[in-house]
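I have a structure here, written as structure tokens, and I will follow up with some questions on it.
Keep in mind that what you see is a predicted model, and the values were worked out from it rather than measured. Indexing begins at 1, ligand by ligand and atom by atom, following the structure's order.
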Amino acid sequence: MSMNAPRGTQDILPGTSEKWQYVEEQLADLCRRYHYKEIRTPIFEHTELFQRGVGDSTDIVQKEMYTFEDRGGRSITLRPEGTASVVRSYVQNKVYGLPNQPTKYFYMGPMFRYERPQQGRMRQFVQFGIEALGSDDPAIDAEVLSLALNSYRELGLQSLKLVVNSLGDQESREAHRAALVRHFDPHREELCADCQVRLDQNPLRVLDCKKDREHPAMETAPSILEYLNDYSKDYFEQVKQYLDVMDIDYVVDPNLVRGLDYYNHTAFEIMSEAEGFGAITTLSGGGRYTGLVQEVGGPETSGIGFAMSIERLLMALEAENVELPTDEGLDVFFVSLGDEANRTAVKLTDELRRAGIQVDKDYLGKKMKAQFKAADRLGSKFVLVLGDQELENGVINVKNMASGEQQEVALDSIIEHMKNELTGGK
Ligand code: HAM
């Protein structure tokens with residue numbers, strides 16, 4: 001039995017966890033400005049939710065779910081994505097009946113997919129996503145796209161490409177579906193086994209096949225944009241106009257097909273164009289969905305959202321050499337020697353911390369010199385020194401590590417003194 005973490009998972013250690021915290025805080029702040037509020041749903045759900053929500057014919061449901069029977073004999077699945085759970089919660093809590101609509105949520109948390117791990121593809125990954133439920137206004141589609149793009153831009157990414165498409169409404173999709181079947185049917189035997197099934201279950205997904213990508217019939221496949229009815233065409237036009245008024249650049253790709261079944265109308269992905277980003281260039285994806293709320297037992301309501309993984313975001317930041325302003329230093333290191341001084345150091349360390357100051361001390365019984373070395377290694381701004389001599393004089397030696405300046409401060413005013421030093425008295 002291996003005692004390493006399972007394939008496709010990772011430990012996030014200090015040094016890196018600060019980057020996660022920074023990014024998570026920035027994303028939460030962005031959501032606050034767009035007025036999206038946080039929702040937290042369970043990490044596991046009834047398997048049926050994803051079968052029906054994400055779609056039975058998708059790769060996620062067919063091949064990638066972590067599904068198990070719990071001790072009560074229920075089929076449970078670790079969530080492979082967030083949208084189905086958010087919609088389930090929206091319906092279960094009858095949020096659609098509340099006065100303030102649309103409902104705008106964001107979420108952040110681990111998702112699980114049994115995929116073949118590679119750079120940017122994990123079996124456990126953290127998604128940040130948003131969902132806006134209860135409005136068919138194309139302006140909210142544009143808002144979601146704007147938030148998605150700004151989540152990268154504000155962190156400093158520049159090499160971004162927004163790709164949009166419309167998958168149309170039910171009527172348009174049916175017309176397109178029939179055209180796809182007519183187009184691919186003569187080539188059925190030449191397509192991979194998965195695509196032969198897709199052709200019957202969800203022919204749109206054939207366009208997204210990695211194995212059949214080079215098949216000549218792919219190039220000539222009918223485009224959804226030719227099959228959009230007037231309502232769908234107009235909807236897409238409006239979304240694009242709103243993007244234009246916000247000066248958001250985009251590319252329309254009629255072959256953009258998302259890997260989940262619930263989409264119609266707007267579908268989009270954001271790619272990284274940074275050199276050295278890796279084989280997988282998609283940073284995030286999303287779109288509008290109409291049937292999902294009804295699928296889980298709610299009223300006819302549509303929503304739009306997107307999700308990204310923090311793992312790919314951090315990869316993109318690295319590829320573009322963006323340094324995150326994470327502070328990894330330490331405010332104060334407490335150096336003490338002697339039993340009495342150690343006891344006083346424990347007391348004062350505790351008081352300083354309660355006063356809001358970041359403090360650490362030695363716990364390895366090190367000599368004075370070694371304690372100083374530790375303070376230096378930790379990048380401490382100040383070192384407080386308390387030995388027998390200082391104790392006797394009722395003072396503490398405060399050393400500013402940047403300037404090298406030292407001063408003696410009375411023991412009973414050290415808290416106030418350090419507060420002033422570190423915050424300028426604020
Ligand atoms: P998705 O395209 O399956 O959509 O995933 C969205 C994002 O999650 C991807 O673009 C990628 O950043 C990240 N992601 C997916 N799988 C992995 C993986 N194995 N390893 C690392 N990152 C991964 C959805 O999940 C939809 N729920 C998005 C959405 C929200 N649509 C509407 N609302």
For Lys233 and Leu228 the tightest heavy-atom approach is CE-O, 3.5 Å
(message) Is it true that Tyr34 and Ser146 share a donor-acceptor pair across their side chains at a distance under 3.5 Å?
(response) yes
If you scan protein heavy atoms around atom 27 (N) of ligand 1, the nearest is Glu81 OE1, 2.5 Å
**Asked** Distance only, no hydrogens: is a donor on one side chain within 3.5 Å (strictly under) of an acceptor on the other, for Tyr66 and Gln124?
**Response** no
Contact region, Tyr289 to ligand 1, non-hydrogen atoms below 4.0 Å, reads side chain
Is the count of non-hydrogen atoms from other residues, nucleotides or ligands lying under 6.0 Å from Arg74 atom CZ greater than 12?
no
The atoms of ligand 1 lying under 4.0 Å from a heavy atom of Ser284, numbered in the order shown, are 10 (O)
Tyr263 heavy atoms within 4.0 Å reach ligand 1 at atoms 26 (C), 28 (C), 29 (C), 31 (N), 32 (C)
Ligand 1 to Gly286, heavy atom cutoff 4.0 Å, flagged ligand atoms 31 (N)
Residue, atom and distance of the protein heavy atom nearest atom 26 (C) of ligand 1 read Tyr262 OH, 3.3 Å
When distances are taken from atom 19 (N) of ligand 1, the protein heavy atom at minimum range is Glu115 OE2, 2.6 Å
Exercise. Is there any N or O on Tyr107 that sits under 3.5 Å from an N or O of ligand 1?
Worked result: no
Within 45 degrees of the axis of the six-membered ring of Tyr114 and under 6.0 Å from its centre: does Arg123 put its NZ or CZ there? yes
Whether Phe68 and Phe44 hold their rings parallel, tilted or perpendicular, with breakpoints at 30° and 60°
perpendicular
Note to self: Any nitrogen or oxygen of Thr282 lying under 3.5 Å from a nitrogen or oxygen in ligand 1? Just yes or no.
What the structure shows: no
Exercise. Compute the shortest N/O to N/O distance between Arg113 and ligand 1 and return yes if it is under 3.5 Å, no if not.
Key: yes
request  = Kindly confirm or rule out an N or O of Ser309 lying under 3.5 angstrom from an N or O of ligand 1.
outcome  = yes
If we number the atoms of ligand 1 from 1 as shown, the ones under 4.0 Å from a heavy atom of Glu131 are 30 (C), 32 (C), 33 (N)
The closest protein heavy-atom partner of atom 9 (C) of ligand 1 is Arg312 NH1, 4.0 Å
For Gly120, the atoms of ligand 1 under 4.0 Å from one of its heavy atoms are 20 (N), 21 (C), 22 (N)
* Asked: Think Lys104 forms a cation-pi with Phe106, using NZ or CZ under 6.0 Å from the six-ring centre and within 45 degrees of its axis?
  -> no
Could you tell me whether ligand 1 has any atom less than 4.0 Å away from a heavy atom of Arg288?
no
Here the atoms of ligand 1 under 4.0 Å from any heavy atom belonging to Met308 are 7 (C), 12 (O)
For atom 8 (O) of ligand 1, the closest protein heavy atom turns out to be Gln127 NE2, 3.1 Å
Applying ring-ring contact (aromatic ring centres under 6.0 Å, His included) to His187 and not counting sequence neighbours gives His215
Looking only at protein heavy atoms, what sits closest to atom 1 (P) of ligand 1 is Arg258 NH2, 3.5 Å
One finds that the ligand 1 atoms under 4.0 Å from a non-hydrogen atom of Met122 are 18 (C), 19 (N), 20 (N), 21 (C)
Those residues at least two apart in sequence (or on a different chain) that pass salt bridge (charged side-chain N to carboxylate O under 4.0 Å, His left out) with Glu416 are Lys419
Worksheet entry | Glu38 atom CD, neighbour heavy-atom count above 12 within 6.0 Å | yes
Atom 14 (N) of ligand 1 has as its nearest protein heavy atom Phe125 CE1, 3.5 Å
min-distance protein heavy atom vs atom 12 (O) of ligand 1 -> Leu283 O, 2.8 Å
Tested for side-chain contact (heavy atoms from CB on, under 4.5 Å) against Asp261, the lone hit among Asn202, Val61, Asp56 is Asn202
When Arg177, Arg188, Arg205 are each screened for salt bridge (Lys or Arg N to Asp or Glu O under 4.0 Å) with Asp200, the one that passes is Arg188
Out of Ala316, Ala84, Ala307, the nearest non-hydrogen contact to atom 6 (C) of ligand 1 is supplied by Ala307
Polar contact flag, side-chain donor to acceptor under 3.5 angstrom, Asp141-Tyr235: yes
